[in-house]
Amino acid sequence: MGINATLFVTFMKISGFTLGGGMAMVPMMQAEVVDHHKWLSQEEFMDILAVSQATPGIFAVDMASHIGYKLNGIRGGIIAALGNIVPSLVIILLIAIFFTTFNDNYWIEAIFKGIRPAVVALIAAPVFSMARRANINRHNVILPIASALLIWLFGVSPLWIIVGAALGGYCYGLYLKKGGKK
């Protein structure tokens with residue numbers, strides 16, 4: 001199989017077997033892209049993860065398209081994104097076709113209630129894994145906590161948090177460049 005076919009199948013498998021959306025796909029993407037196929041290093045994967053979170057659009061599709069682009073240009077980006085979209089599209093179409101039949105079914109409702117905690121765990125696992133790899137510790141954990149509190153308690157727009165973090169990072173970089181302590 002060529003790289004484009006492998007990209008399509010890989011991202012179709014990731015999308016088809018992950019519940020919970022984009023962040024829940026991260027561990028499976030990492031396992032496939034970094035560990036199994038060795039298309040990217042862990043650092044490259046983390047960089048694409050960060051860029052994809054800041055890029056407008058659907059997170060999982062952004063990840064797939066960035067990875068595909070890195071591996072095979074525009075064609076690879078489009079093929080990986082399509083592979084990521086196809087399972088969701090098929091599932092949503094099937095749900096739409098049969099929704100009225102199962103709308104008030106007790107068992108279907110119970111299944112979805114049971115899936116929710118698993119989805120939370122799937123999203124939490126990569127957060128802790130990424131925090132460990134990003135060297136988040138008790139000294140620098142204050143920044144994400146403060147950001148979350150500013151957004152949640154005071155209604156500060158995430159845009160201002162990002163702008164403030166970018167300016168702070170730039171100033172810190174200048175400080176280090178001028179001989180400041182790390």
Side-chain angles (χ1 to χ4, degrees), residues 3-4 6-7 10-11 14-15 18-85 119-182:
I3 186 69
N4 288 332
T6 306
L7 271 170
T10 298
F11 281 99
I14 291 168
S15 178
T18 308
L19 296 172
M23 284 308 286
M25 290 182 188
V26 171
M28 200 166 176
M29 277 189 193
Q30 180 181 356
E32 287 290 322
V33 172
V34 176
D35 302 332
H36 179 69
H37 292 290
K38 299 190 184 330
W39 287 330
L40 302 175
S41 69
Q42 183 62 40
E43 292 76 27
E44 290 172 316
F45 183 81
M46 295 293 282
D47 290 343
I48 288 176
L49 177 69
V51 169
S52 296
Q53 288 177 324
T55 306
I58 302 166
F59 172 72
V61 176
D62 289 345
M63 282 284 294
S65 63
H66 282 90
I67 292 167
Y69 180 81
K70 179 135 177 96
L71 295 175
N72 201 29
I74 292 172
R75 180 177 286 150
I78 292 169
I79 287 171
L82 286 173
N84 194 268
I85 292 168
V119 170
V120 171
L122 284 171
I123 293 171
V127 169
F128 292 115
S129 173
M130 287 184 293
R132 216 176 12 254
R133 287 191 183 100
N135 294 324
I136 302 232
N137 56 42
R138 62 185 168 90
H139 300 294
N140 58 15
V141 75
I142 191 72
L143 292 173
I145 290 173
S147 298
L149 289 174
L150 285 170
I151 293 167
W152 181 52
L153 292 176
F154 301 108
V156 175
S157 170
L159 175 66
W160 294 116
I161 303 290
I162 293 168
V163 168
L167 288 172
Y170 178 75
C171 292
Y172 183 66
L174 289 177
Y175 169 74
L176 290 177
K177 204 177 215 181
K178 292 184 180 182
K181 295 180 182 178
K182 190 168 182 180

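Because the structure is a prediction, the values reported are computed rather than measured. Each residue takes its place number in the sequence, starting with 1.
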* To do: Given side-chain contact (heavy atoms from CB on, under 4.5 Å), test Ile67 with Glu44 step by step and report yes or no.
  => CA-CA 9 Å; Ile67 292 167; Glu44 290 172 316; over 6 Å; no
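- When every heavy atom of Met29 is checked against every heavy atom of Ala64, the shortest pair comes out as CE-N, 4.5 Å.
- For Leu143, there are no side chain to side chain contact (heavy atoms under 4.5 Å, CB included) partners at least two apart in sequence or on another chain.
- A donor-acceptor distance shorter than 3.5 angstrom exists from the side chain of Lys38 to the backbone of Asp35, with no hydrogens or angles considered.
- Closest of all the heavy-atom pairs between Ala80 and Leu7 is CB-CD2, 4.2 Å.
- One finds the CG atom of Asn72 at 4.5 Å from the CG atom of Asn4 (value rounded to the nearest 0.5 Å).
- A 4.5 Å side-chain heavy-atom check between Met63 and Gln53 finds every atom pair outside the cut-off.
- The 12-atom threshold is not exceeded at CD1 of Ile58, counting heavy atoms of other residues, nucleotides or ligands nearer than 6.0 Å.
- Looking at residues two or more places apart in sequence or on another chain, you find a side chain to side chain contact (heavy atoms under 4.5 Å, CB included) between Ile145 and Val141, Leu149.
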* Take Val26 and Phe45 through the test side-chain contact (heavy atoms from CB on, under 4.5 Å) and record every step on the way to the result. => CA-CA 10 Å; Val26 171; Phe45 183 81; 4.1 Å; yes
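- Of all non-hydrogen atoms in Ser15 and Asn84, the two that sit nearest each other are OG-O, 2.7 Å.
- Atom OG of Ser157 is separated from atom CG of Leu150 by 11.5 Å, given to the nearest 0.5 angstrom.
- Annotation: Leu153, atom CG; neighbour count of heavy atoms from other residues, nucleotides and ligands within 6.0 Å is above 12.
- Summarising the local packing, OH of Tyr69 is surrounded by 12 or fewer heavy atoms from other residues, nucleotides or ligands at distances under 6.0 Å.
- Taking the side chain as every heavy atom from C-beta outward, Val33 and Phe11 approach each other to under 4.5 Å.
- Distance CG/Leu40 to CD/Gln30: 10.5 Å, rounded to 0.5 Å.
- With sequence neighbours left out, Thr10 forms a side chain to side chain contact (heavy atoms under 4.5 Å, CB included) with Thr6, Ile14, Glu32, His37, Trp39.
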